[in-house]
Amino acid sequence: MYLHMDMQKSSMETKKKIKAKTVIRIVLVMLAAVFCISIVWGTRAVELSNITIISNRLPASFSGFKIAHISDFHNTGFGKDNIKLNLMLEEAKPDIIVITGDLADSRHTDLDIALSFAGRIMNIAPVYYVTGNHESRLAEYNILEKGLKDAGVIVLRDERHELKKNNEVIRLVGLDDPQFMPLSEREGKIPYLINSKLKKLITDSSTFTVLLSHRPELFETYAANDIDLVLCGHTHGGQFRIPFIGAPIVPDQGLFPEYDAGLFTDNNTNM
């Protein structure tokens, strides 16, 4: 009698353990599936983020001025002829469009997609472009730059450009990606070299300045030069993002980066 009850009890406990393990496996599989879906969705979704910058240094004529910012396009197709992205830009009605590097991909290069996209958005607003690290590795970069210029895109390679409205001015400054510099010149000295470039390009601190640069990890250097607005790329908002945590790693910042996505502010400088 007692022997039978003990065996029955043992059998019930074994079934409970098996059931608990099965539930845990199911939960883990579901979490893994959600994680994978969120990563895939995050790399393929076309989203619009609206950010409003307020500054008392902005000329009155440029109040409400709208900049559409695209980065790290990597000659990707979002729908046939990039119709999704084109429609989103048309609906936004920007005053200018800026592209902050990696328009083409150095590993899977398709200049036709990159140049076709740039040509189409030229019909929406004036387009300004700076290089990224992928362009520095691109054997066909000269072809890309010529194609952009032929389409009417203004390419800024360590250059500045003035935007005028009702006799008031704001300044665009475009930096070349540091990887265009020889390794022997840039190794361990990138912040210093970028600071030197900015000192030469920004001689009048009273003019509201928008900096186009691929690299957000240099934010301290940008802020030290009192730049009003910096538009960057490179991080992809995180090469991938963990739900509720964010980007665990991005290029040139390593693990749990400080500047992965969104708005960052230091005194007068917004990035």
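Residue Met181 is grouped with residue Tyr192 when hydrophobic side chains (ILVMFWY) are merged at heavy-atom distances under 4.5 angstrom, including chains of intermediate members. Linking Ile, Leu, Val, Met, Phe, Trp and Tyr residues whenever their side-chain heavy atoms come within less than 4.5 Å leaves Tyr129 and Leu229 in two separate clusters. Linking Ile, Leu, Val, Met, Phe, Trp and Tyr whenever their side-chain heavy atoms come within less than 4.5 Å leaves Val46 and Val98 in two separate clusters. If you chain together hydrophobic residues whose side chains sit under 4.5 Å apart, Leu103 and Phe78 fall into the same group. Tracing side-chain contacts under 4.5 Å through hydrophobic residues (I, L, V, M, F, W, Y), one reaches Met88 starting from Ile97; they form part of the same cluster.
Taken to the nearest 0.5 Å, the CG atom of Leu156 stands 12.0 Å off from the OG atom of Ser213. To the nearest 0.5 angstrom, Ser206 atom OG is 11.0 Å from Asp226 atom CG. Here CG of Asn123 is found 9.5 Å from CG of Asn86. Values are rounded to the nearest 0.5 Å. Here Arg57 contributes atom CZ and Asn268 contributes atom CG; the two are 4.5 Å apart, rounded to the nearest 0.5 Å. Rounding to the nearest 0.5 Å gives a distance of 9.5 Å between CD of Glu91 and CG of Leu48. Rounding to the nearest 0.5 angstrom, the gap separating the CZ atom in Arg171 from the CG atom in Leu201 is 9.0 Å.
Judged by distance alone, the side chain of Asp102 and the main-chain N or O of Ser71 form no donor-acceptor pair under 3.5 Å. Of the possible donor and acceptor atoms, none in the side chain of Asp81 sits under 3.5 Å from a partner among the backbone N and O of Ile83. Side chain of Asp72 to main chain of His234: a donor-acceptor pair is present (N/O by atom type, distance under 3.5 Å, no hydrogens or angles). No side-chain donor-acceptor contact under 3.5 Å links Asp260 to the backbone of Thr235. Remark: the backbone N or O of Thr76 is paired with a side-chain donor or acceptor of Asn82 at under 3.5 angstrom. The main-chain N or O of Thr269 is never found under 3.5 Å from a side-chain atom of Asp266 such that the two would form a donor-acceptor pair. With hydrogens and angles disregarded, a donor-acceptor distance shorter than 3.5 Å links the side chain of Ser136 to the backbone of Asn133. Without hydrogens or angle criteria, Asp110 side chain to Ile113 main chain gives a donor-acceptor distance under 3.5 Å.
Between Ile53 and Leu263, the closest side-chain pair of non-hydrogen atoms falls below 4.5 Å. In this structure, the side chains of Ile154 and Pro126 stay at 4.5 Å or more apart for every pair of heavy atoms. Two residues are said to be in side-chain contact when any heavy atoms from C-beta on lie closer than 4.5 Å; Asp158 and Leu175 meet this criterion. Counting heavy atoms from C-beta on, the side chains of Ile96 and Tyr128 come closer than 4.5 Å. The closest side-chain heavy-atom distance from Thr109 to Leu111 is below 4.5 Å. For the pair Ile99/Ile121, a side-chain contact is recorded, criterion being any heavy-atom separation below 4.5 Å from C-beta on. Val250 has its side chain out of reach of His236: every pair of non-hydrogen atoms, C-beta onward, lies at least 4.5 Å apart. A heavy-atom distance below 4.5 Å is found between the side chains of Pro191 and Leu218.
By the ring-ring contact (aromatic ring centres under 6.0 Å, His included) test, His69 is found to be paired with no residue, residues two or more places apart in sequence or in another chain being considered.
A salt bridge is absent between Arg157 and Glu159: the closest approach of a Lys/Arg side-chain nitrogen to an acidic carboxylate oxygen does not fall below 4.0 angstrom. Salt-bridge formation is not detected for the pair Arg160/Asp204: no Lys NZ or Arg NE/NH1/NH2 atom is positioned less than 4.0 Å from an Asp or Glu carboxylate oxygen.
Ring to ring, Phe62 and Phe208 are not that close: their centroids are 6.0 angstrom or more apart.
Of the residues listed (Asp177, Val130, Leu144), the one engaging Glu135 in a side chain to side chain contact (heavy atoms under 4.5 Å, CB included) is Leu144, and it is the only one. Each of Lys146, Glu145, Glu140 was compared with Ile143 under the side chain to side chain contact (heavy atoms under 4.5 Å, CB included) criterion, and only Glu140 meets it. For the side chain to side chain contact (heavy atoms under 4.5 Å, CB included) with Ile227, the qualifying choice from Thr209, Asn270, Val210 is Thr209, the only one to do so.
Ring planes of Phe73 and Phe117: parallel class, angle under 30° (limits at 30 and 60°). Ring orientation note: the planes of His74 and His134 are nearly perpendicular, at an angle over 60° on the 30°/60° scale. Classification of the Tyr141-Phe180 ring pair by plane angle, with boundaries at 30° and 60°, yields perpendicular.
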side-chain hydrogen bond (donor to acceptor under 3.5 Å, both in side chains), that's the test. Do Asn195 and Asn225 meet it? Break it down for me. CA-CA 8 Å; Asn195 184 62; Asn225 283 274; 2.9 Å; yes
Apply side-chain contact (heavy atoms from CB on, under 4.5 Å) to residues Asp228 and Ile170 and explain how you reach the verdict. CA-CA 10 Å; Asp228 298 281; Ile170 65 173; over 6 Å; no
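No more than 12 heavy-atom neighbours from other residues, nucleotides or ligands sit within 6.0 angstrom of CD1 on Ile54. Enclosure of atom CG in Asp150 by more than 12 non-hydrogen atoms of other residues, nucleotides or ligands within 6.0 angstrom is indicated. Other residues, nucleotides and ligands contribute over 12 non-hydrogen atoms within 6.0 Å of the NZ atom of Lys165. Within a 6.0 Å sphere centred on CD of Glu168, heavy atoms belonging to other residues, nucleotides or ligands number more than 12.
Contact between Pro257 and Ala247 at its shortest, heavy atoms only, is CD-O, 3.2 Å. Among all heavy-atom pairs drawn from Lys189 and Glu185, the shortest one is CE-O, 2.8 Å. The minimum heavy-atom distance linking Tyr259 with Pro216 is given by the pair CD1-O, 3.7 Å. Closest approach of Met271 and Cys232 over heavy atoms only: SD-SG, 3.7 Å.
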